[in-house]
Colleague: 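Sharing a structure, written as structure tokens. Questions coming.
Note that these values count all heavy atoms, side chains included, but never hydrogens, waters or copies made by symmetry.
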Amino acid sequence: MQASDGRTMYYGKDDVFVYRTYARPLTVRPIPESTWTGEDGVIFAHRITFAAGGDAFFSSFAEGDNARIVATDSMKNFILRQAAAYDGATTEGLLAALGRRFLDTYAHVGEVKLSAERLPFEPALLSGADGPAPSGLVYRASRGERLRAELTLTRIADGSASLAAQESGLSELRLIKVSGSSFQGFIRDAYTTLPDSADRPLHIELDVGWRYADPEDALDAERGRYVAAAQVRDLAQQVFHARHSPSIQHLIWQIGLQLLRRFAQLEEVRFTSANRTWEAVVEPDEGGRAVYTEPRPPYGFQGLSMTRADLRREEERR
Ligand SMILES: O=c1[nH]c(=O)c2[nH]c(=O)[nH]c2[nH]1
């Protein structure tokens, strides 16, 4: 976040835990790679980070004048109380509503940047005569992958708020494919000790990000073009299952192409991945029985962004 003279300047509150109940249920269009089509919104929980910026705050830094400071403690209260008023179904929409309301309330604030991590809760399944049914009251806090979202709202000349940037993503997806991945054909020289592998137990950590052509699609699920992190997860799993991977580089490329194919509303997808390939202690026998352990550091990583132009080129090539 920058002041008009180009300097970085902001302040805010981190780790604002917001457990909102009975938000609007979310429904998304089905995709072939996933059985996930929505959630009930009974527990709509987030860890939010909120920052404010703008030239008005210069005197607080340069002169110790707090006259225009909204205390970060008040920011936390604002977020918690205003979360009650949100009547949408998406994390992105919640952030936009909070940010807009803050800019409306404090006319001297030039910009707000909000990010959130969705805290996942899975419905407890009860056994019943007709098979398992969701409790609707009891939820299980789950670990693992989660939605993240970030947006910046900037005050423009007429005083209104404009959405300057928006990105959504899926963090900390960990996937293991026990067979069907290789890594070979890389440069072999005086520094090479890694043997070629025709089949390795590929364990990866993935962070997938996406940007919409029209960010309004992220804010309002009623438009029918919201991209759900659970569908992104399922699509990534499906590609990992279906394709032989010669490297993580090519695997994330393939996942990216399929995401762009499936979600025409996305302009860009991004990846950061980490290689956590299990280390063999007892090599697999003819039945695949083996013992692995955690790899030792250091770890390899990849980063990639892809746009619709990559998908067009790929489809022309075919
Ligand atoms: O998928 C991989 N890509 C690499 O670039 C690499 N390098 C390495 O040592 N192992 C791997 N695996």
Colleague: Just verifying a value: how many Å separate Tyr11 OH and Ser60 OG, rounded to the nearest 0.5 Å?
Modeller: 7.0 Å
Colleague: Output the distance between atom CG (Leu257) and atom CG (Leu311), rounded to the nearest 0.5 Å.
Modeller: 6.0 Å
Colleague: Is the shortest heavy-atom distance from the side chain of Leu260 to the side chain of Met306 under 4.5 Å?
Modeller: yes
Colleague: Measure the spacing between CD1 of Ile79 and CD1 of Ile48 and express it to the nearest 0.5 Å.
Modeller: 5.5 Å
Colleague: About how many Å separate CZ of Arg200 and OG of Ser245, when rounded to the nearest 0.5 Å?
Modeller: 6.0 Å
Colleague: Closer than 3.5 angstrom, by distance alone: can the side chain of Thr307 be matched with the main-chain N or O of Ala309 as a donor-acceptor pair?
Modeller: yes
Colleague: Strictly distance-based, threshold 3.5 Å: is any side-chain N or O of Thr90 a donor or acceptor partner for the main-chain N or O of Ala218?
Modeller: yes
Colleague: Within the structure provided, determine whether Val28 and Gln231 are in side-chain contact (heavy-atom separation under 4.5 Å).
Modeller: yes
Colleague: Is a side-chain N or O of His203 found less than 3.5 angstrom from the main chain of Arg276, in a donor-acceptor match?
Modeller: yes
Colleague: Parallel under 30°, tilted from 30 to 60°, perpendicular over 60°: which one fits the rings of His108 and Tyr106?
Modeller: perpendicular
Colleague: Crowded around Phe121 CZ? As in, over 12 foreign heavy atoms under 6.0 Å?
Modeller: yes
Colleague: Establish, for the pair Arg225 and Tyr212, whether the NZ or CZ atom is under 6.0 angstrom from the six-membered ring centre and no further than 45 degrees off its axis.
Modeller: no
Colleague: How are the rings of Phe102 and Phe50 set to each other: parallel, tilted or perpendicular (split at 30° and 60°)?
Modeller: perpendicular
Colleague: Atom NE2 of His46 and atom CG of Leu98: how far apart are they, to the nearest 0.5 Å?
Modeller: 10.0 Å
Colleague: I want to check something: taking the side chain as every heavy atom from C-beta on, are Glu167 and Arg148 in contact at a cut-off of under 4.5 Å?
Modeller: yes
